[in-house]
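For reference, positions follow the sequence shown, starting with 1. As a basis for the values below, the full set of heavy atoms in this structure was taken, side chains included, without hydrogen atoms, waters or symmetry mates.
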Amino acid sequence: MAGYQNETKRHFQTRQLDKDMAEAAEAAGHVTPAESHARMKAEGRGLIIVLALLFVLLCYLLGVFG
């Protein structure tokens with residue numbers, strides 16, 4: 001009788017594992033919406049511009065251009 005209970009328990013554990021794996025695969029496959037992608041690109045460009053300006057300012061303060 002103990003073996004039967006063990007098989008049943010293993011069966012339900014396997015079913016739960018399959019369900020969890022399917023949910024994880026679905027969550028990993030989400031595509032970024034176009035608006036979000038465009039916003040992230042704009043933020044990236046803004047960050048590059050700010051960093052470039054800070055670099056130029058640092059060079060100016062160190063006398064690189066003089």
Side-chain angles (χ1 to χ4, degrees):
M1 190 84 162
Y4 177 75
Q5 289 177 346
N6 213 6
E7 278 185 41
T8 304
K9 183 178 177 183
R10 204 174 302 134
H11 172 74
F12 283 109
Q13 286 174 345
T14 304
R15 287 191 66 205
Q16 185 65 30
L17 181 62
D18 290 342
K19 180 183 166 197
D20 291 345
M21 286 178 19
E23 288 174 359
E26 184 180 329
H30 286 292
V31 178
T32 306
E35 304 89 31
S36 178
H37 181 69
R39 182 178 41 82
M40 289 183 344
K41 272 180 85 172
E43 288 174 356
R45 287 184 188 136
L47 181 61
I48 289 173
I49 291 170
V50 167
L51 289 175
L53 289 173
L54 288 174
F55 180 74
V56 170
L57 179 63
L58 179 65
C59 290
Y60 175 76
L61 293 174
L62 292 176
V64 174
F65 301 120

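- The side-chain contact (heavy atoms from CB on, under 4.5 Å) search around Leu62 returns Leu58, Val64, not counting sequence neighbours.
- The hydrophobic cluster containing Leu54 also includes Val50, under a criterion of side-chain heavy atoms closer than 4.5 Å among ILVMFWY residues, counted directly or through chains of members.
- In this view, Glu35 satisfies the salt bridge (Lys or Arg N to Asp or Glu O under 4.0 Å) rule with no residue, not counting sequence neighbours.
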